[in-house]
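First up is the structure itself, then whatever we jot down about it.
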Amino acid sequence: MTLPQDALVIDVRKQQGHFRLDACVTIAPSGVTGLFGKSGSGKTTLLRLIAGLDSPDEGSIHFQGKALTDSRKGMSVAAHHRNFGVVFQDARLFPHYRVRGNLTYGVKRADPQHFSHVIGLLGIEHLLDRYPATLSGGEARRVAIGRALLTKPSLLLMDEPLTGLDGARKSELLRYIARLTRDIDIPIIYVSHDADELLAIAQHLVLLDNGRLIADGDLETLLMRFDLTEHLGGFNAASILDARVMSHEPDYGLTRVTLDDGQQLSIPAEDAAIGQRLRLRIPVRDVALSLEPQQGCSYRNQLRATILESAPHPCDPAAMEIRLGIGAQSLRARLTRKSCDELGLVVGRQVTALVKTMAFALRE
């Protein structure tokens, strides 16, 4: 069997009481891969098998061409020999060590430059002399992430690190996680049942349901698949567009961006350099369609688009799912069936997609 170079290749079965995990998937060797599914779908079970904290009843796991687990050969590399960083739902810090001691625990060789880089990424320089009991939930999670990164892992595993945090601390920690995913060259597997978290950081997605693999692939591609609507949960409520910053309008608090086909958008002001690439998240509910461009309209963003696909919503008999082509990118809309019929919205028709300026959310 020829294994994809550097990828994580999983083919495992695990029985736990009445629950059975049966997963066969190849996970990208770079970027952030989200494991998504409802509670009880098998996300954490799969993560623990990858980490070596549990063993499959049968099957194998390979990483970078090397076997970590192979039930046929009766072999399994111990968790502490896999060189994986693991961040759990709770920080699991040593209460009798200061933050500095927690961070360096398990580091085999001191690397002051790497240490400074990691604590700077996570914004924990001012916490080094404090004890865990004095940290907020978000601060403790950042320290736990830092401890995992300082061991220089070849893979970082994160098991719902935002669970239990309040809204403000959750948003703050998500910003730090998004920042480190851009600045570190380590593949990350991120478990969550929250679509908004994964929309903010993931490039790839693995969908699980009741222990079964439903789909896997690039996030943007899966978001456009109508057959996955009922499995995507909150994911089916947004699209992602890549854009480049053109200019800023500080008097109005706006930023102008351009898409790959030259069309322009106004979005809420972003602290981004001219030419910088952004990934924009657009809620499906904020996309309207018109047969012609609109004059005297509050919609500042009007995009030329072509209907590429349409299908009834699987859970709402009144709704239709529409996939639009905008250059080489896709945008999803959800309309009533009545609107589609009255406007004659069929595949191949040229339309104008109307998007409110305030609808856009920056995807880190």
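Since this is a predicted model, take the numbers as computed values, not measurements. As a basis for the values below, the full set of heavy atoms in this structure was taken, side chains included, without hydrogen atoms, waters or symmetry mates. Along the sequence shown, residues carry numbers from 1.
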Looking at T352, is its backbone amide N or carbonyl O close enough to the side chain of Q302 to form a donor-acceptor pair, meaning the two atoms are under 3.5 Å apart? no

Do R147 and R92 touch side chain to side chain, with heavy atoms closer than 4.5 Å? yes

Specify whether F63 and F84 have parallel, tilted or perpendicular ring planes, treating 30° as the upper limit for parallel and 60° as the lower limit for perpendicular. perpendicular

Are the side chain of R130 and the backbone N or O of V99 linked by a donor-acceptor pair below 3.5 Å? no

Determine whether a donor-acceptor pair (N or O, by modelled atom type, separation under 3.5 Å) exists between the side chain of R337 and the backbone of P312. no

Carboxylate-amine/guanidinium proximity below 4.0 Å for D316 and R334: no

Identify the two heavy atoms, one from A23 and one from L46, that lie closest to each other, and give their separation to 0.1 Å. CB-CD1, 4.4 Å

Between R48 and D159, is there a salt bridge with N-O shorter than 4.0 Å? no

Test your reading of the model: is there a side-chain donor-acceptor pair from Q294 to the backbone of E292, 3.5 Å cut-off? yes

Give a yes or no on whether R169 atom CZ has more than 12 heavy-atom contacts from other residues, nucleotides or ligands under 6.0 Å away. no

Would you say that more than 12 heavy atoms from the other residues, nucleotides or ligands in this model lie under 6.0 Å from the CZ of R300, or not? no

Go through it in stages, so that I can follow the logic: the residues are I50 and L155, the test is side-chain contact (heavy atoms from CB on, under 4.5 Å), and I'd like the CA-CA distance, side-chain angles, deciding distance and then a yes or no. CA-CA 10 Å; I50 296 169; L155 178 68; 4.2 Å; yes

Does any non-hydrogen side-chain atom of R349 lie less than 4.5 Å from one of L291? yes

Spacing of CD belonging to E58 relative to CG belonging to D11, to within rounding of 0.5 Å: 8.5 Å

Within 6.0 angstrom of Q113 CD, more than 12 heavy atoms from elsewhere: no

Would you say the side-chain atoms of Q350 and T306 include a donor-acceptor pair closer than 3.5 Å? yes

Worked verdict on V287 versus I282 for side-chain contact (heavy atoms from CB on, under 4.5 Å): CA-CA 8 Å; V287 179; I282 308 169; 3.8 Å; yes

Cluster overlap V284 with Y299, hydrophobic side-chain contacts below 4.5 Å: no

Side-chain contact test, heavy atoms from C-beta onward, threshold under 4.5 Å: evaluate it for Y190 versus L162 and give yes or no. yes

Is the side chain of N102 donor-acceptor paired with the backbone N or O of F94 at a distance under 3.5 Å, no angle test? yes

Distance-only, no hydrogens or angles: does the K14 side chain make a donor-acceptor pair with backbone N or O of S55 under 3.5 Å? yes

D227 atom CG: more than 12 heavy-atom contacts under 6.0 Å: yes

CG of L180 to CZ of R175: how many Å apart, nearest 0.5 Å? 13.5 Å

Tell me, do R212 and D22 make a side-chain contact under 4.5 Å, heavy atoms counted? no

Honestly curious: do L127 and V118 fall in one hydrophobic cluster under the side-chain, below-4.5 Å linking rule? yes

So, for P56 and L49, which heavy atoms are closest and what is the spacing to 0.1 Å? N-CD2, 3.5 Å

Shared ILVMFWY cluster between Y131 and L128, side chains joined below 4.5 angstrom? no

Residue pair L265 / L303, side-chain heavy-atom distance below 4.5 Å: yes

Any donor-acceptor pair under 3.5 Å from T255 side chain to E270 backbone: yes

Do you see a donor-acceptor pair shorter than 3.5 Å between the side chains of S76 and R82? yes

Would you say the side chain of R225 lies within less than 4.5 Å of the side chain of L232, judging by non-hydrogen atoms? no

Testing the basics here: between D129 and R98, what is the closest heavy-atom pair and its distance to 0.1 Å? O-NH1, 2.7 Å

Just by distance, with hydrogens left out, do T229 and R332 show a side-chain donor and acceptor under 3.5 Å apart? yes

Could you state the interatomic distance from CG (L122) to NE2 (H117), rounded to the nearest 0.5 Å? 9.5 Å

Between atom CG of D242 and atom OG1 of T258, what is the distance when rounded to the nearest 0.5 Å? 12.0 Å

Output for pair (F360 CZ, D286 CG), nearest 0.5 Å, gives 9.0 Å

With distance as the sole test, does E139 use its side chain to make a donor-acceptor pair with the main-chain N or O of S136 at under 3.5 Å? yes

Could you walk me through whether L213 and L207 satisfy the side-chain contact (heavy atoms from CB on, under 4.5 Å) test, starting with their C-alpha distance in whole Å, then the side-chain angles of each, then the deciding distance to 0.1 Å, before giving a yes or no? CA-CA 6 Å; L213 178 73; L207 283 174; 6.0 Å; no

Hphob cluster co-occupancy, V107 + L149, side-chain heavy atoms under 4.5 angstrom: yes

Can you tell me how far the OG1 atom of T33 sits from the CG atom of L8, to the nearest 0.5 Å? 8.5 Å

Which heavy atom of L335 sits nearest a heavy atom of A333, and at what distance? CD1-CB, 3.8 Å

Any Lys/Arg nitrogen of D194 or K170 sitting under 4.0 Å from an Asp/Glu carboxylate oxygen of the other? yes

Closest non-hydrogen atom pair between D261 and I326, with its separation: OD2-CG2, 3.8 Å

Are any non-hydrogen side-chain atoms of D6 and P187 less than 4.5 angstrom apart? no

Within 45 degrees of the ring normal and closer than 6.0 Å to the centroid, is that where the cationic atom of R141 sits relative to Y176? no

Look only at the side chain of R256 and the backbone of Q264, and say whether a donor-acceptor pair between them is shorter than 3.5 Å. no

Please answer: with hydrophobic residues joined when any side-chain heavy atoms are less than 4.5 Å apart, are I61 and L47 in the same cluster? yes

Let's go through M224 and S239 carefully: what are the C-alpha distance in whole Å and the side-chain angles of both, what is the deciding distance for side-chain contact (heavy atoms from CB on, under 4.5 Å) to 0.1 Å, and is it a yes or a no? CA-CA 8 Å; M224 293 298 132; S239 303; 3.4 Å; yes

Does CZ belonging to R277 count more than 12 external heavy atoms closer than 6.0 Å? yes

Would the distance check show the side chain of T151 and the main-chain N or O of A148 forming a donor-acceptor pair, the cut-off being under 3.5 Å? yes

Can you find a pair of side-chain heavy atoms, one from D216 and one from H204, that are under 4.5 Å apart? no

Scanning both residues in full, the closest heavy-atom pair of H193 with G37 reads CB-O, 3.5 Å

So with a 6.0 Å cut-off around OH of Y97, is the heavy-atom count from everything else above 12? no

